[in-house]
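Reading through the structure tokens given below for one structure.
Values in this document were obtained by computation on a predicted structure and should not be read as measured data.
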Amino acid sequence: MKFIICLLSLLVAAYAGTLNHLQNLNETVSSSTCGGNCPGGCSSCPCGSSSNSQSISSWCSKHSWNHANCECIMKHESGGNANAVNQNSGGSYDVGLWQINDYNWGSCSGGKAPCDPSTNLNCAKKVYQWGGNTWKFWSTCGACGCCNSA
């Protein structure tokens, strides 16, 4: 009987060690910050692991939207980092200056992450148009007070 108890104790300890190892491995993968591009943690880095700082005002001036609203959105979304990434709770990704969701990549960037600022701008213009030329499809529009504005 003592032998069976020892054997069971060893099995429980081995199993617990395996679970701890798997949990640590999962935490390592899910907590990657992509070199600071994904501060909330991402399971992959679609825009790489180096920052790409861009002039917010310069990029906002490339379209006819309200520049103050655009600058507020971009400051909240990416802070001007063209390689910024966010992995949402459902597993989808938002990338680039305007944080374009991967749901839209097929319609604006050939299905690839629009990390390049020009491609991200083209995607942002489409999302803006789909929203009736407003910012309502950006989650940060409330903080900027421009959800139904140009």
CA sep, side-chain torsions, deciding dist, call: Ile73, Cys141, side-chain contact (heavy atoms from CB on, under 4.5 Å): CA-CA 6 Å; Ile73 292 288; Cys141 70; 4.1 Å; yes
With disulfide bond (SG atoms under 2.5 Å apart) as the test, would you mind laying out the steps for Cys115 and Cys47 before giving the verdict? CA-CA 6 Å; Cys115 302; Cys47 293; 1.9 Å; yes
Test side-chain contact (heavy atoms from CB on, under 4.5 Å) applied to His67 and Ser57, step by step: CA-CA 7 Å; His67 293 193; Ser57 61; over 6 Å; no
Please assess Cys42 against Cys34 for the test disulfide bond (SG atoms under 2.5 Å apart), listing each intermediate value before the final yes or no. CA-CA 7 Å; Cys42 290; Cys34 301; 4.6 Å; no
What's the verdict on side-chain contact (heavy atoms from CB on, under 4.5 Å) for Val95 and Trp105, showing C-alpha distance, side-chain angles and the deciding distance? CA-CA 10 Å; Val95 302; Trp105 298 356; 3.7 Å; yes
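The nearest pair of heavy atoms linking Leu97 to Pro117 is CD1-CB, 3.9 Å. The two residues Ser50 and Asn37 come nearest to each other via the heavy atoms O-ND2, 3.1 Å. Residues Asn69 and Ser149 approach most closely at ND2-CB, 3.7 Å, considering heavy atoms. The shortest non-hydrogen separation linking Cys123 to Ile100 is CB-CG1, 3.7 Å. The two residues Pro114 and Thr119 come nearest to each other via the heavy atoms CB-CG2, 3.7 Å. A pairwise comparison of heavy atoms in Asp94 and Gln99 identifies O-OE1, 3.3 Å as the closest pair.
The structure places CH2 of Trp59 at 3.5 Å from OG of Ser118, a figure rounded to the nearest 0.5 Å.
Within the 3.5 Å criterion, the main-chain N or O of Cys70 finds no donor-acceptor partner in the side chain of Trp98. For Asn88 (side chain) and Gly90 (main-chain N/O), no donor-acceptor pair under 3.5 Å exists by modelled atom type. With hydrogens and angles disregarded, a donor-acceptor distance shorter than 3.5 Å links the side chain of Tyr93 to the backbone of Ser44. Side-chain atoms of Gln87 come within 3.5 Å of backbone N or O of Ser43 as a donor-acceptor pair. No donor-acceptor pair under 3.5 Å is formed between the side chain of Asn52 and the backbone N or O of Asn81.
Every residue meeting the disulfide (SG to SG under 2.5 Å) condition with Cys144, not counting sequence neighbours, appears here in chain and number order: Cys72.
Residues in residues 120-147 take part in these side-chain hydrogen bond (donor to acceptor under 3.5 Å, both in side chains) pairs, two or more places apart or across chains: Glu77-Thr140.
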